[in-house]
Amino acid sequence: MSNNDASTTNTPPTNFIHQIIEQDIQEGRNGGKVVTRFPPEPNGYLHIGHAKSICLNFGTAEKYNGECNLRFDDTNPSKEDQEYVDAIKEDVQWLGFKWAGEVRYASDYFDQFYAWAQHLIRNGNAYVCDLSPEEASEYRGWATKPGKNSPFRERSAEESLDLLERMKQGEFEEGSRVLRAKIDMTSSNMNLRDPILYRIRKQSHHQTGDKWCIYPNYDFAHGQEDAIEGVTHSICTLEFADHRPLYEWFIENLPVPSKPRQYEFGRLNINYTVTSKRKLKQLVDEGVVNGWNDPRMPTISGMRRRGYSAQAVRNFCDSLAVAKTDGVVDMAQFEFFVREDLNENSARAMCVLNPLKVVITNFPEGEVEMMTAPAHPQKEMGSRSLPFTREIYIDRNDFNEDSTLSRKKFKKLVPGDFMRLRSAYVIKAEEVIKDDSGEVTEIRATLVPGTVGENPPAEMKPRGVMHWVSATHGKQVKVRVYDRLFSVEKPNDDDFLADINPDSYVELNNCWAEPELVNAEPETVFQFEREGYFVADRYDHDVTTPTFNKTIGLKDSWVKK
RNA sequence: UGGGAUAUCGCCAAGCGGUAAGGCAACGGGUUUUGAUCCCGUCAUGCGGAGGUUCGAAUCCUCCUAUCCCAGCCA
């Protein structure tokens, strides 16, 4: 609630795109309407970078009472698949956005594009070129070296029209001919050196099947898609800035129904991860991670499985500047929003990750005392019951044999000293039992009567508080502990796999949780007190195989030593 | 090297000629039956550099410097 108020109306513009929009509205441009679109190519899964674009496009439409379309830019069948179409729709919905009307596809407009291609030819603005890809590249020149005209550039409109139709009929091989715009082979903008409009691809398409064997390029499609849909502000990332003159050239030279404008903003980069589609795909294909929705992946489906809430992802994206700088946002900034949301909304529970048995010698065997604890320390979220028994588990890390450690600095169980069991008694460690190898296997302790909900006398003041679970009434659960996928801020570009964090995934099979936890609905996030946030796995969790993924640890300001 | 963009605290960033917002991180301190949360406090005489215009410049001008993007029949 608190974070989103700012994005309703009447607030001053927060970024340069909103400034432009407000000016457009003031000048009555587009009849005061604002229409945006999120236009992914269905060739991979959406990631955190896309989330920023989604939040910007949908958020902008929302802010100005406009609409935002979801449109698949499916102009290259050789890279695309229905699997990605479905996953992308699911991700956008999970984030909580609703697109205007039906989902759109660039392929819905292929007939129109073809007619417009003929229009350009007739007006002397396009021609069929027979240069091979290698020759075309040579003719195009170099950034500092002007290109030269294709020998087919002055071919008659009639001939080009005929050739284009025959390309469409499948008469020619892939790569043998293309349709090009006739602009300027000497332009300092490479995109204007007679860009390719259509190329031959004898492949079936996930939406149009085998209807087409020629497909438009990005540049000959995107602006026209926007124009057809009445998009007013076409927001894309910085690398498309060089394409804007071409975008405008098509809008000017074609009888399009509206005149959209393109604006570019800086793409989101975060440290300790990668977001290039190529690298993410490699991680999946080489089995470095367990699929696109592995909880370590920066994909939306990965973050979802990790336990990050849609609201946290959105709050993070909204906190980001929309500007033209290309910086790298600190992962800590993202983690802040994840914790902020989870702290506010997740129920508390206790789960011991590395069990160490404690026997309360002055508590009768077989007896069960039910403790009650609030589900949330600050918010009213109900309460839970915790069975307290003679044998309990505490975390191995909460015990230390060294009783000389400073009481103030070391808030853990040490022999002869007192500790508070969260929501239960204060206990005192009396005896340490070890096995032959010297490893501590059990602690024998005594409880201080009357300390449930009450403080003990000053001389019995506990060093600190620790979580616990009944050894006889708790449930054994599986916990998957995740950490950052990469151990360095900026994974090496050439060999990024070498920078994988070897400890990014650890599976713990002997964890003990308070009983109710096994009944949790999949995708529910809990705060395991003193440990962090954990989500019941979306796919693998159920009563018989309780499985939790570590979402993120609690902030830890305890400086060791 | 031709073109397009960008440079403000460790990171993100506001600022649009009137004397450097905010968030993250960090560091102090308080509360606390989570070393969490919460609360309080500290954190740029400085805005990539050098000149100039101006009563006044992060904001305007000039020249440098650094970084990113463009030479797919990818998007």
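Note on naming: letters A, B, ... go to the chains in the order of the sequence lines (proteins, then strands), and numbering restarts at 1 for each one. The structure presented is a predicted model; accordingly, all values stated were derived computationally and were not measured.
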* **Check ion pair A/Arg261-A/Asp24 (N to O, under 4.0 angstrom)** => no
* Taking atom C1' in both B/G17 and B/C61, compute the distance separating them and give it to the nearest angstrom. => 13 Å
* Asked: Has A/Gln19 got a side-chain N or O lying under 4.0 Å from the OP1 or OP2 atom of B/G15?
  -> yes
* With sugar-phosphate meaning primed atoms plus P, OP1 and OP2, does A/Ser187 contact a base, only sugar-phosphate, or nothing at under 4.0 Å between heavy atoms? -> nothing
* Whole angstrom value for the distance that separates P of B/C24 from CD of A/Glu340 -> 8 Å
* Taking atom P in both B/A50 and B/U8, what distance in whole Å separates the two? -> 16 Å
* Asked: Nearest-Å distance, NZ (A/Lys202) to C1' (B/C73)?
  -> 14 Å
* Could A/Arg244 and A/Glu264 be called an ion pair, given the rule that one side-chain N must be under 4.0 Å from one carboxylate O? -> yes
* Which part of the nucleic acid does A/Asn455 contact within heavy-atom distance under 4.0 Å: base, sugar-phosphate only, or nothing? -> nothing
* To do: Using only side-chain N and O atoms of A/Thr75, determine if any of them is under 4.0 Å from OP1 or OP2 of B/A75.
  => yes
* Asked: Below 4.0 angstrom from OP1 or OP2 of B/A75, is there any side-chain N or O of A/Arg199?
  -> yes
* To do: Kindly point out which of B/A13, B/G35, B/C11 is positioned nearest to the side chain of A/Ala321?
  => B/A13
* Please work out if A/Pro39 contacts a base, only the sugar-phosphate, or nothing of the nucleic acid, heavy-atom cut-off 4.0 Å. => nothing
* Does the side-chain ring of A/Tyr218 lie flat on the base of B/A75, meaning centres under 5.5 Å and planes less than 30 degrees apart? -> no
* Provide the distance between the two P atoms, one in B/G48 and one in B/U42, to the nearest whole Å. => 26 Å
* **5' precedence on RNA chain B between A/Glu529 and A/Arg339 (nearest-nucleotide basis)** => A/Arg339
* Quick one: does A/Arg348 reach the base of B/U34 with a side-chain donor-acceptor pair under 3.5 Å? -> yes
* Using a cut-off of less than 4.0 Å, is there contact between a side-chain N or O of A/Arg530 and OP1 or OP2 of B/G35? -> yes
* **B/U31 and B/A20, which share atom name C1', separated by this distance in whole Å** => 34 Å
* To do: Round to the nearest Å and state the distance from A/Phe336 atom CZ to B/C38 atom P.
  => 7 Å
* For B/A13, give its Watson-Crick or G-U wobble partner with both distances under 3.5 Å, or none. => none
* Asked: Is B/G72 in the syn or the anti form, by the rule that syn lies within 90° of 0?
  -> syn
* Residues A/Arg484, A/Glu335: salt bridge by 4.0 Å N-O rule -> yes
* Asked: Which part of the nucleic acid, if any, lies within contact of A/Phe334, taking any heavy atom under 4.0 Å across all strands shown: a base, the sugar-phosphate backbone alone, or nothing?
  -> nothing
* Asked: Is the closest basic N to carboxylate O distance between A/Arg71 and A/Asp226 below 4.0 Å?
  -> yes
* Asked: What distance, rounded to whole Å, do you find between the two P atoms, one in B/A58 and one in B/G51?
  -> 14 Å
* Among B/C24, B/C74, B/G35, which is the nearest nucleotide to the side chain of A/Lys411? -> B/G35
* What's the CZ-C1' distance between A/Phe337 and B/G22, to the nearest Å? -> 11 Å
* Is a salt bridge present between A/Asp184 and A/Arg193, judged by a nitrogen-to-oxygen distance below 4.0 Å? -> no
* May I have the distance from A/Asp219 (atom CG) to B/C73 (atom P), rounded to whole angstrom? => 11 Å
* Which is true for A/Asn189 with a 4.0 Å heavy-atom rule: it touches a base, it touches only sugar-phosphate, or it touches nothing? -> nothing
* Structure fact -> Ranking A/Ser188 and A/Leu238 by the position along RNA chain B of their nearest nucleotide, the one closer to 5' is A/Ser188
* **Whole-Å gap separating P (B/G72) and CG (A/Leu131)** => 14 Å
* Asked: Strictly under 6.0 Å, is that where the ring centroids of A/Phe316 and A/Phe334 end up?
  -> yes
* What integer distance in Å separates A/His376:NE2 from B/C38:P? -> 10 Å
* **A/Lys412/A/Asp402 ion pair, N-O < 4.0 Å** => no
* Is the phosphate of B/C74, meaning OP1 or OP2, less than 4.0 Å from a side-chain N or O of A/Arg201? -> yes
* To do: May I ask you to verify if any side-chain N or O of A/Thr325 is less than 4.0 angstrom from the OP1 or OP2 atom of B/C12?
  => no
* Please confirm whether A/Phe240 and A/Tyr218 have ring centers closer than 6.0 angstrom. => yes
* Measure the distance from NE2 on A/His205 to C1' on B/A75 and round it to the nearest whole Å. => 13 Å
* To do: Could you work out which one of B/A36, B/A14, B/C12 sits closest to the side chain of A/Ser557?
  => B/A36
* Asked: Checking all strands, does A/Glu41 fall into the base, sugar-phosphate, or nothing category for heavy-atom contacts under 4.0 angstrom?
  -> sugar-phosphate
* Look at all strands and tell whether A/Gly453 reaches a base, only sugar-phosphate, or nothing, counting heavy atoms closer than 4.0 Å. => base
* To do: Pick base, sugar-phosphate or nothing for A/Glu531, based on heavy-atom distances below 4.0 Å to the nucleic acid.
  => nothing
* To do: Inspect the contact between A/Lys324 and A/Glu239 and indicate whether a charged nitrogen and a carboxylate oxygen are less than 4.0 angstrom apart.
  => no
* Asked: Between B/G4 and B/C40, how far is it from one P atom to the other, in whole Å?
  -> 49 Å
* Asked: Is the distance from OP1 or OP2 of B/C73 to the nearest side-chain N or O of A/Arg140 less than 4.0 Å?
  -> yes
* Any ion pair linking A/Asp398 and A/Lys411 (charged N to carboxylate O, less than 4.0 Å)? -> no
* **Shortest side-chain distance from A/Asp556, nucleotide among B/A36, B/G35, B/A75** => B/G35
* Indicate, with a heavy-atom threshold strictly under 4.0 Å, whether A/Gly327 touches base, sugar-phosphate, or nothing. => sugar-phosphate
* Structure fact -> For B/G18, the nucleotide meeting Watson-Crick or G-U wobble distances (both under 3.5 Å) is B/C55
* To do: Tell me which nucleotide among B/C12, B/U33, B/G2 gets nearest to the side chain of A/Val329.
  => B/C12
* Asked: Given B/C12, B/A75, B/C73, which nucleotide is nearest the side-chain atoms of A/Ile196?
  -> B/C73
* To do: For A/Val426, report the nucleic acid contact type (base, sugar-phosphate, nothing); a contact means any heavy atom under 4.0 Å.
  => nothing
* Of all the choices, B/C74, B/A14, B/A36, which nucleotide is nearest to the side chain of A/Ala323 once you look at every atom? -> B/A14
* Structure fact -> Across every strand shown, the nucleotide meeting Watson-Crick or G-U wobble geometry with B/U6 (both distances under 3.5 Å) is B/A66
* **Gap in Å between the two P atoms, one belonging to B/C24 and one to B/G41, rounded** => 14 Å
* Structure fact -> Ranking B/G35, B/C73, B/U6 by distance to the side chain of A/Trp558, first place goes to B/G35
* **A/Asp73 side-chain proximity, nearest of B/A75, B/G3, B/U34** => B/A75
* Asked: Which part of the nucleic acid, if any, lies within reach of A/Lys379 when heavy atoms closer than 4.0 Å are counted: base, sugar-phosphate only, or nothing?
  -> nothing
* Structure fact -> Partner of B/G28 under the Watson-Crick or G-U wobble criteria, both distances under 3.5 Å, comes out as B/C40
* Where the side chain of A/Ala332 is concerned, which of B/C11, B/A25, B/C73 is the nearest nucleotide? -> B/A25
* At under 4.0 Å between heavy atoms, what does A/His243 touch on the DNA or RNA strands: base, sugar-phosphate, or nothing? -> base
